[in-house]
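Here the structure is a predicted model, which is why all the values come from computation and not from measurement. One-based numbering along the sequence shown. For ligands, and for the atoms within them, numbers begin at 1 and follow the listed sequence.
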Amino acid sequence: MACVNFRAGNRMTSCGARGGWEMVTALEEGIVERGLDWRVEKAHCMGKCHLGPTMRLLPNGPYIMGVQESDLNSVLDMREENAADALASALPLPDDNA
Ligand code: FES
């Protein structure tokens, strides 16, 4: 599940303003390239807006914040290996002030 919520203005940031749509597009492309039978469920706010783009590996995986396109191969590798905890610790939390 990946957040693509977009808020206009600068009062409160959002995943859509922090690369959420680009992340989803790249993730979907990676899934197709690997021939995986997975889907990306788009969410509209997961409550971690200032740390986004936010993703959660379903059904019971951790939240992963600040995912960038350059992280997606690692995300797919670790997800294929069912190493959700390793994935969560491999991706550092983004800077709160970014
Ligand atoms: S806008 Fe993505 S978690 Fe809130």
Side-chain angles (χ1 to χ4, degrees):
M1 178 184 297
C3 180
V4 294
N5 186 36
F6 181 83
R7 285 189 195 93
N10 58 5
R11 188 171 178 150
M12 185 174 176
T13 191
S14 60
C15 294
R18 295 171 59 92
W21 276 107
E22 291 83 354
M23 176 188 67
V24 165
T25 299
L27 187 58
E28 289 174 335
E29 289 171 356
I31 289 169
V32 169
E33 284 173 13
R34 291 174 183 231
L36 302 172
D37 185 21
W38 299 350
R39 65 184 169 87
V40 179
E41 186 174 318
K42 297 171 192 76
H44 295 279
C45 196
M46 298 162 78
K48 303 182 186 307
C49 319
H50 67 294
L51 299 173
T54 302
M55 172 189 293
R56 186 169 191 203
L57 303 177
L58 298 176
N60 299 314
Y63 286 94
I64 303 168
M65 282 77 73
V67 179
Q68 301 299 313
E69 279 189 58
S70 57
D71 299 321
L72 291 177
N73 273 329
S74 297
V75 170
L76 291 169
D77 288 345
M78 291 187 187
R79 187 61 181 140
E80 277 192 281
E81 296 165 9
N82 214 13
D85 292 339
L87 175 59
S89 59
L91 297 174
L93 284 176
D95 183 351
D96 265 353
N97 299 316

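Looking at Cys49 and Arg7, their side chains come closer than 4.5 Å, going by heavy atoms from C-beta outward. Between Leu72 and Met55, some side-chain heavy-atom pair lies under the 4.5 Å cut-off. Contact of the His44 side chain with the Val4 side chain is registered, since non-hydrogen atoms from C-beta on lie closer than 4.5 Å.
The hydrophobic clustering, which links ILVMFWY residues whose side-chain heavy atoms are closer than 4.5 Å, places Met23 and Phe6 apart.
Listed by first and then second residue, the salt bridge (charged side-chain N to carboxylate O under 4.0 Å, His left out) pairs that reach into residues 23-34 are Glu28-Lys42, Arg34-Asp77, Arg34-Glu80, sequence neighbours excluded.
Here 2 is the count of protein N, O or S atoms positioned under 2.8 Å from atom 2 (Fe) of ligand 1, waters not counted.
Rounding to the nearest 0.5 angstrom, the gap separating the CZ atom in Arg56 from the CD atom in Glu41 is 11.0 Å.
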